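Order of listing sets the numbers, starting from 1, for every ligand and every atom in it. Note that this is a predicted model, so its numbers are computed, not measured.
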Amino acid sequence: MSPKDTQAWTDLQSHAYYMSQSHISTLFQESPDRFSQFGFAQDDLLLDLSKQRITDETLSLLIKLAKERDLKGWTEDLFNGKHINDSEDRPALHTALRTPKGDKLEVDGVEIIEEVHQNLERMDAIVNKIHSGQWRGYTGHSINTVVNIGVGGSDLGPFMACKALSENQPAEARALKVHFVSSMDGSQLADLLSHLNPARTLFVISSKSFTTIDTLANANTAKEWLKASSNEASESVLVARHFIGVSASPDKALSWGIPESNQLAFWDWTGGRYSMWSTIGLPIALKLGAKGFREVLAGAHAMDCHFRDTPFEQNLPVLIAMIGIWNINFLNINAHAILPYDGRLSHIPAYLEQLEMESNGKSVTRDGKATDYSTCPILWGEVGTNAQHAFYQLLHQGTESVMCDFIVAARRYHDTDNAELQHQHQLNLANCLAQSRILALGDSVIEGAEDAPVYKRYKGNQPCTTILLDELTPYTFGQLIAMYEHKVFVQSVIWDINPFDQWGVELGKKVATTLLEALGPEAATSDFDSSTQGLLQHIAMRNQ
Ligand code: F6P
């Protein structure tokens, strides 16, 4: 059934007719204590929805919609391993990856939690071997640099986590440098290789499918670089000492040359963009140690329990998702800015771009009908204070309505006595609070604004959510990311789409293969459109 056929959707449409004419500043005047009405806390995380264009009635209608869409039933199916990724006929079990040891979950006749922990323990052993200097390169020297080669879900999550939690490194991990390489053109890798020591470098080839051309091209370049640096060691020795493969396709990793002993596995029921909790998280474990990685998993598991067990009215992922539904489907806002006020979270926009847009950037329902309502908005973002000097002009005075997520930690640098850094944190907090205030309320926040010329006015009414962490730790980071994962799932249930496949990325891979051939010297170009032909000819001319 289409979400539009529910009673709640119809009610929300009538409600939106009035609400779309209201201003957030008026809502605050009418109800000054909105924060206690629309602030929701869970553990070390606070969600402030008071700067959204909502009333109590909005929230209760949104919750009615979630119930009419059987969100509870879908959530149970997710956690219990039903094949809800129907186009690929498999479950989506990222929640199992952070389920504590000793719990049980049987999926398709297999007990999986035990396997999850066996894999984590194999990963711990590798981490300990590297940290303790016992993993030796081909010259017998220990490893001091790890390069993760992967792309999309095999890159963005671990990359984001390593940056976010770099201040939480245990002593044993500090000597190890962890780098990330993803770009197909080789530029990141070439830059890195020019100053790495092959004898002390370990490559982690992360690819669920082990067929992704971007990753394999970088992996091949890395292998050739190693071979060129050593005449005496054979290729099999070099690969055994300097490559680890993390994949759900062990046979493909083996054909590429990575022996089973150097492989870490995960399962096809782990979606790529949901995989940082699996052995794809190896770089995170290398950065934080096995214990630190377990804290990330524990935070995510706490959010899983909260999502599964808490009434919708107090349920953070449900609330943040339904606010998105309200903005997108009823207030017609189709742009979403992710604004972390924390340099450590600089990679969260890129991560959420994949998580949200690859999951819900779809226009066909589960039973193959075209949607006649909007789904995933366009998402982008940047560290908030940097974005203030870049695209905030549009947020404040442009023509587009944009919903904004402000993400910030209340406490930072409290365990140092560096007064300058402490002051910087205060500055950062002040800017975060100032910007969400102006975006929501407009220039009504200062006196006399109405006398200013029109080009100096701020209209406000941009809906803002603030996600306030007590502090950024492995645990709160796990909570935060799991909250966004579940948000995406909730929205997919409302929109009746499968968030766990990504057929929209396949055609590009095929067409690129034909174009690769057309770039060759012999290629006939007449099969292409005139733009592509013209570009091919120009490229050929420039390469003569
Ligand atoms: O092409 C998109 C995609 O399949 C993503 O879904 C995935 O995260 C990424 O490529 C990398 O895939 P793999 O881990 O199989 O190399």
Student: Check whether any protein heavy atom sits under 4.0 Å from atom 15 (O) of ligand 1.
Tutor: yes
Student: Considering both backbone and side-chain atoms of F210, is one of its nitrogen or oxygen atoms within less than 3.5 Å of a nitrogen or oxygen in ligand 1?
Tutor: no
Student: For ligand 1, which atoms have a heavy atom of S154 less than 4.0 angstrom away?
Tutor: 13 (P), 14 (O)
Student: State whether the shortest distance between N or O atoms of S206 and N or O atoms of ligand 1 falls below 3.5 angstrom.
Tutor: no
Student: State which residues pass side-chain contact (heavy atoms from CB on, under 4.5 Å) with L535; sequence neighbours excluded, sorted by chain then number.
Tutor: S531
Student: Using the ring pair (Phe, Tyr, Trp, His ring centres under 6.0 Å) definition, which of the options W267, F500, W277, W269 pairs with H94?
Tutor: F500
Student: Which of the atoms of ligand 1 are close to S207, meaning less than 4.0 Å from one of its heavy atoms?
Tutor: 13 (P), 14 (O), 15 (O), 16 (O)
Student: Salt bridge check: are D124 and R294 linked by an N-O gap of less than 4.0 Å?
Tutor: yes
Student: By number and element, which atoms of ligand 1 are closer than 4.0 Å to a non-hydrogen atom of T212?
Tutor: 12 (O), 13 (P), 15 (O), 16 (O)
Student: Which ligand 1 atoms does K509 reach within 4.0 Å, using its non-hydrogen atoms?
Tutor: 1 (O), 4 (O)
Student: Mind checking salt bridge (Lys or Arg N to Asp or Glu O under 4.0 Å) for D77 and listing every partner two or more places apart, or none if nothing turns up?
Tutor: K82
Student: Side chain or backbone of Q502 under 4.0 Å from ligand 1, or both, or neither, by non-hydrogen atoms?
Tutor: side chain
